[in-house]
Every structure is written in structure tokens, then in C-alpha cells.
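Single-structure report; data block below.
Just the heavy atoms: all of them, side chains too, but no hydrogens, waters or symmetry mates, feed the values below.
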Amino acid sequence: MEINLVLAQPNYRSGPVHLNNWYLPYTTGCLWAYAQQDDLLKKNLKLVDWIWNRPFIEETVDQWEHVDVLFCSVYLWNENYVKQLSKYVKKKWPNCKVIWGGPNCDHSNNNVFQEHPYIDAFAVSEGEVTFHEVCTKLVNNESLNEVHGLVLNVQNKVQRNRARPRYDIEDFPSPYLARVFDDIIENNPTVNWSVILETTRGCPYRCTYCDWGGGTATKVKKFILDKVESEIKWFTEKQIKFIMLADANFGIFKQRDLEIARLLNESRKENPGLEGVSLSFLKNKTDSMIEIATEMKDLLHNGVSVSVQSLDPHTLDVIKRGNMEINNVGELIKKLETHKVPYYTELIMGMPGETLESWKKNIWKLYEHGFHKSIAVYPLINSVNTELNQVQKEEYQFQIKPMRGISDDNHIEEFYPTVVGTKVMPYSDYLDAWVFTKIQNVLHCSGYSLDASAECYKKGIHYEHFYQTLTSYLEETPQWKEFVFVLRDLLDQVFSDREGSATETEVDGLILKSFLGLRATIFELVFQTLEHYQIENRDSIIQHAKALVYDPLHPNLWPQTVNGKKYTYTGMKVDNMEQFVDFYSYRRGNIFVSVENIS
């Protein structure tokens with residue numbers, strides 16, 4: 001019999017608002033492409049709608065005549081939307097099968113169907129074959145009881161079918177090459193599209209905060225290289241602007257991945273609008289990482305991600321990242337600098353075992369190793385299917401609060417379960433750590449005090465001591481004290497479950513505007529700190545810093561020439577402060593001015 005199907009993979013736009021950039025729904029595209037290989041399903045499955053953004057639910061669903069199956073891909077950033085969609089569809093068509101897949105399905109919870117009775121099943125692990133079998137059973141009007149990989153709702157009780165084994169993925173079709181996205185692209189001509197490129201699937205590591213390795217049973221499997229090459233050609237044909245490479249450890253198959261890097265690099269000749277590629281490199285074998293990164297360094301959107309997450313040895317052991325080569329950041333940076341490969345690093349705030357003191361030491365260590373301009377810090381999210389949630393949450397006495405997600409879709413807000421305190425970093429320390437980090441991210445990483453502190457470090461003055469002195473001067477300024485008070489309160493709102501709580505973009509806006517308002521004062525006090533430590537070339541250091549820190553309120557000051565060097569703004573063209581804040585929030589690096597010797 002004919003089955004009316006709706007696929008749902010709701011997403012937010014990606015990047016600054018005015019770019020209107022969205023990801024094609026790759027995950028559900030894989031399911032649909034796999035099913036379309038079967039003549040029975042091709043004949044009897046009718047795709048009623050495909051939700052890839054976040055339209056108003058009632059207005060959208062009321063246009064559908066009838067739905068037999070709603071299949072949802074569920075992530076942190078769309079769970080509340082999917083809940084509301086599922087409830088409304090189930091109310092309208094009680095016999096419709098509502099099936100969830102994806103990393104945010106709480107399928108380990110034995111009470112999940114009592115809490116969410118509108119869900120009929122979860123599809124666990126890889127979904128292509130499970131989706132195909134579910135659709136086949138429904139077309140043939142058969143039970144789902146024998147479909148491997150499903151967790152079924154039987155009178156609001158959990159029935160776990162046999163686990164689905166992993167399959168060789170070489171023959172899995174590409175949604176791009178199967179042309180399943182063509183209608184979406186054609187019907188949305190004003191959208192700039194980003195894509196997911198998946199060349200492998202799986203992860204050999206077991207980091208406790210991540211379900212990537214656990215979700216695919218750790219073994220890394222490869223897609224056929226010819227398929228990957230054809231997908232890259234499709235991206236060129238469609239003039240795609242941004243590619244996210246979804247491999248957990250790109251470079252793990254060195255020669256193969258080096259060839260993929262070359263293919264991506266070559267594609268830019270026919271697609272000059274391709275702005276960049278983001279990816280996650282392998283965590284060990286840094287020499288392989290550097291060779292591949294050197295090949296595609298002009299394409300790397302923000303540079304190589306040196307994702308250390310923490311530099312505290314105890315914390316790294318707790319989260320099962322203690323033996324990774326990537327943790328030797330000093331040697332890695334030297335190699336990246338030698339090959340002129342851009343880079344940034346990532347830390348995660350609130351890891352089990354991390355204290356306020358060890359967190360600050362993370363920052364000082366990064367400065368000592370040469371990380372100055374690009375330090376991205378993320379809150380720790382307590383994802384449902386991780387060891388972090390299932391074991392460490394109680395062991396380390398997590399305090400969890402819902403943090404608001406992206407704020408540009410206010411009719412259904414998303415909240416992320418964020419670890420805001422542990423037994424060794426209580427909530428008050430957690431807020432202090434964020435205040436410290438946010439200030440450092442602008443004060444140091446944007447260039448206000450970067451070269452001043454580095455010059456002092458050369459003279460044997462530790463970064464920690466430099467910033468203690470500078471902070472003591474800043475705290476004598478009433479405007480600075482007021483700014484820090486407001487910043488801490490706003491961060492408290494970010495990690496609050498109060499209605500109308502703040503977003504991180506609002507925090508970034510407060511910081512940038514406050515620093516611009518205090519710009520002259522900050523430079524004066526950095527000079528005073530240099531004077532305190534008897535640094536001789538302090539005039540030229542401050543002149544350089546003033547030219548390096550871009551002021552979006554006075555854009556006509558750039559380009560400018562100072563002491564034989566030309567300073568040019570290289571960031572995105574923006575028309576107002578709000579656009580600059582939006583741009584700043586989405587970029588890893590904080591310095592948007594290039595420096596060129598002209599004498």
C-alpha cells in the first residue's frame with residue numbers, strides 16, 4: 001500500500017544572518033537516497049514534505065492531506081521543535097508512526113515512552129538500512145517487531161529489538177548524486193547552501209563527553225573514493241560556498257585523505273565562491289595532519305583545529321584523552337608555524353576534574369605555547385548517550401542548567417543541557433571562569449594586550465603576573481568595574497532557565513561594545529603595565545596594538561601605516577555594529593587586521 005512520508009531534519013541558518021546560509025539535510029537525505037534504490041519503495045513511498053528549516057508547525061502541517069510516517073533526525077539544536085512537531089502530527093493523525101533517529105534520542109531511558117508517548121520508535125545507530133526495513137514493513141502492512149535497531153513503544157513501555165550490526169558503507173548511495181536535494185535547492189533560490197561531506201564513518205576514540213565513537217562501535221569505515229570525488233564535483237556544479245567534512249578524524253587514512261584534500265583544493269578553480277572547508281583532524285599522528293593541512297591551508301575556514309579541550313593532566317585522564325599526541329601543543333604549533341598553516345584551538349568549560357585554578361592555567365599554558373589569536377571556548381553539553389551523562393554525571397556531581405540555543409527562531413526555543421558546576425568547580429567558580437575567559441578572549445586574543453604581555457613574557461614575566469597587574473589597574477576604573485558586574489550577571493542569565501534568558505551572542509555584543517567604549521583607557525593601562533615592568537619599547541607596542549585592534553565604529557581608519565607597517569582590515573564587510581558582533585561570534589579568530597612590512 002502507498003505510504004505518505006514526511007522527513008524532518010530542522011536546522012538553523014549557519015553564520016551571520018545577512019548571508020542566509022543553510023545546510024542541506026544530509027542525514028535524512030542519506031535515508032531517502034538509500035530507500036529510493038528499491039523499486040517497491042520508489043513506487044509506494046510518497047514524500048509529502050521535507051522539513052529542513054524551522055517553519056511554523058501548525059501552518060505547515062495543516063497543509064498536509066494525510067501522513068502515515070514522520071521520520072525525524074534529532075539533535076540538540078532541534079529537539080524541542082521535533083517534540084512539538086511530533087505531538088501535533090500525532091494529535092492530527094493518531095495512527096501515524098512517529099520515529100526518531102539521531103544522537104539526541106534518549107533510547108537508554110526505560111521510562112522514555114511514559115515521558116514521550118507520542119513517539120512510536122527510536123532508530124538506534126546508523127539509519128539507512130533500518131529506515132529501508134521500516135518503510136518496507138509499513139508498505140507491506142507488517143509489524144516492526146523484527147526490525148533490528150529499533151526501540152519500540154509498546155503501550156508506553158520499552159521494547160528493544162535486536163541491535164543492528166554495522167554494514168559496509170561502500171555501496172551506500174550519495175544523496176547528492178541521487179539528486180534528492182535538487183527540488184529543495186530549486187525552490188529556495190535565495191539561500192546560500194552549505195553541505196556535509198562524509199568520507200568515513202566512525203571514531204576509534206572513547207572521549208566520555210562525545211557519542212561519536214560509541215555511536216558507531218568505534219571502527220572507522222570508508223566510502224568509495226570515486227563517490228567522494230563525484231560529490232565534490234556536484235558541489236562545484238551547485239557552486240556550494242561552504243563544506244563541512246563530517247569525518248571524526250580526517251587524516252586517519254593518510255594517502256587517501258591527502259588525495260581528498262587535493263580534490264577539494266582543485267575544485268576551487270571551478271568554484272571560486274567556495275569560501276572554506278571545516279573539518280576535524282585525527283588526534284594522533286600530527287605529522288599526517290600537517291601534511292594534509294599544508295595541502296589545503298587556503299581552504300581551511302578557520303585553520304587547523306587543535307582541539308585539546310583541556311591541558312590539565314587529571315582532567316584529560318578523566319575524559320579519556322590523556323594519551324593523545326595532539327596534547328603536545330608546543331611541538332605541534334612549531335610545525336604549523338613552519339609550514340605557515342593557520343590554526344586555532346578549542347577548550348571545553350566545565351569538564352569533570354577541572355577546577356577554576358586549572359582552567360586559568362589552561363589559558364596561560366596556551367599563551368606560553370604560542371596560542372594567542374584563536375582560542376574557542378565552548379560550554380560542556382551533557383549529551384544523553386555519552387559516558388559523561390550515564391556515569392560521570394553522578395560521580396562528579398554535575399549541576400546542569402538549560403542554556404538557550406540560537407535566538408533567531410523564537411517561536412520554539414531550544415535549550416542545551418549544560419554542565420555549569422561540578423564537585424570541584426561549583427557554579428560560582430564556573431561563572432568566574434567564564435568572566436575570566438570572555439575578558440581574555442578580547443583583551444588578549446583581540447590584540448589589546450597581546451604583544452605587551454608577550455614582550456613581558458620574553459623578559460621573564462609570566463602571563464599570569466602580567467594580567468594580575470593589568471587587572472588591578474583596570475579595577476580602579478569605575479566603568480570597568482561596572483562592565484564586569486554586568487558581564488557576570490549576563491552570563492548568569494545565559495546559564496539560567498529563566499524565560500527570556502540571554503544568549504552568548506548578547507554577551508559578545510556587550511563585551512565588544514564595552515571594550516570599544518573603554519578603548520583609550522585600556523590602552524593607557526596596558527602602557528602603564530609595561531611601564532610597571534620597565535619595558536623600554538612600550539610606545540611602539542601600544543602603537544602597534546591600536547592599529548591591530550579593529551574599530552567597527554571608525555572603519556575609515558583602515559588601512560593605516562604605523563612605524564613602517566601597513567595595517568589592513570581583512571574581515572567581513574559589515575554595515576553596522578550588530579553585523580560585526582554577528583561576524584565576531586561566528587569566527588574562531590579575533591584579529592581581523594593583517595600586518596605587512598612596507599619598509
Under 3.5 Å, which donor-acceptor pairs do the side chains of residues 570-579 form with other protein atoms, sequence neighbours left out?
| from | atom 1 | to | atom 2 | distance (Å) |
| --- | --- | --- | --- | --- |
| T570 | OG1 | F592 | O | 3.1 |
| K573 | NZ | D575 | OD1 | 3.4 |
| N576 | OD1 | E578 | N | 3.2 |
| N576 | OD1 | Q579 | N | 2.8 |
| Q579 | OE1 | D575 | N | 2.9 |

Taking [X] for the side chain and [Y] for the main chain, is one N or O donor matched with an acceptor at less than 3.5 Å?
{"X": "E414", "Y": "N80", "value": "yes"}
{"X": "N385", "Y": "P103", "value": "yes"}
{"X": "N78", "Y": "S73", "value": "yes"}
{"X": "D247", "Y": "L279", "value": "no"}
{"X": "R268", "Y": "L274", "value": "yes"}
{"X": "D257", "Y": "G251", "value": "yes"}
{"X": "N20", "Y": "T190", "value": "yes"}
{"X": "N271", "Y": "T236", "value": "no"}
{"X": "R54", "Y": "I412", "value": "yes"}

If you apply the rule side chain to side chain contact (heavy atoms under 4.5 Å, CB included), what do you find for M296 with L300, and how did you get there? CA-CA 7 Å; M296 59 188 304; L300 294 174; 4.2 Å; yes
Work out which heavy atom in [X] is nearest to a heavy atom in [Y]; give both atom names and the distance.
{"X": "C96", "Y": "V89", "value": "SG-CG1, 3.8 Å"}
{"X": "N249", "Y": "C203", "value": "ND2-SG, 3.4 Å"}
{"X": "V549", "Y": "G447", "value": "CG2-C, 3.5 Å"}
{"X": "L380", "Y": "G350", "value": "CD2-O, 3.2 Å"}
{"X": "C105", "Y": "V384", "value": "O-CG2, 4.0 Å"}

By ring pair (Phe, Tyr, Trp, His ring centres under 6.0 Å) - contacts of [X] (at least two apart):
{"X": "Y427", "result": "none"}
{"X": "F131", "result": "F71"}
{"X": "F223", "result": "none"}
{"X": "Y26", "result": "Y176"}

Step by step, work out the side chain to side chain contact (heavy atoms under 4.5 Å, CB included) result for N11 and W52. CA-CA 6 Å; N11 211 338; W52 52 270; over 6 Å; no
Tell me the salt bridge (charged side-chain N to carboxylate O under 4.0 Å, His left out) pairs involving residues 57-72, sequence neighbours left out? D62-K92
Of all residues at least two apart in sequence or in a different chain, which pass the side-chain hydrogen bond (donor to acceptor under 3.5 Å, both in side chains) check with R164? T130, E133, Y167
Test of understanding: with side-chain hydrogen bond (donor to acceptor under 3.5 Å, both in side chains), list the residues that count as partners of Q9, not counting sequence neighbours. T28
Checking [X] now: which residues fulfil salt bridge (charged side-chain N to carboxylate O under 4.0 Å, His left out) with it, not counting sequence neighbours?
{"X": "D508", "value": "K438"}
{"X": "K46", "value": "none"}
{"X": "K83", "value": "E79"}
{"X": "D120", "value": "K90"}

Take W64 and D49, measure what side chain to side chain donor-acceptor pair (under 3.5 Å) needs, and give me the verdict at the end. CA-CA 8 Å; W64 304 340; D49 205 348; 2.9 Å; yes
Does [X] have more than 12 heavy atoms from other residues, nucleotides or ligands lying within 6.0 Å of its [atom1]?
{"X": "K227", "atom1": "NZ", "answer": "yes"}
{"X": "Q390", "atom1": "CD", "answer": "yes"}
{"X": "E186", "atom1": "CD", "answer": "no"}

Sole residue of T437, T315, D432 in side-chain hydrogen bond (donor to acceptor under 3.5 Å, both in side chains) with W359: T437
Of K320, E387, R321, Q392, which meets side-chain hydrogen bond (donor to acceptor under 3.5 Å, both in side chains) against Y209? R321
For side chain to side chain contact (heavy atoms under 4.5 Å, CB included), just list the numbers for T199 and L245, CA-CA rounded to whole Å, side-chain angles, deciding distance to a tenth of an Å, and then say yes or no. CA-CA 8 Å; T199 81; L245 213 157; 4.3 Å; yes
Taking R179 first and then E237, would you say they form a salt bridge - that is, a charged N and a carboxylate O separated by under 4.0 Å? yes
Can you say whether the rings of F181 and W50 are parallel (under 30°), tilted (30 to 60°) or perpendicular (over 60°)? tilted
Does Y75 have its ring centroid less than 6.0 Å away from the ring centroid of Y81? no
In a check of side-chain contact (heavy atoms from CB on, under 4.5 Å) between L177 and each of P173, S174, P175, which one passes? S174
Verdict with reasoning, Y396 to V419, per side chain to side chain contact (heavy atoms under 4.5 Å, CB included): CA-CA 11 Å; Y396 287 90; V419 179; over 6 Å; no
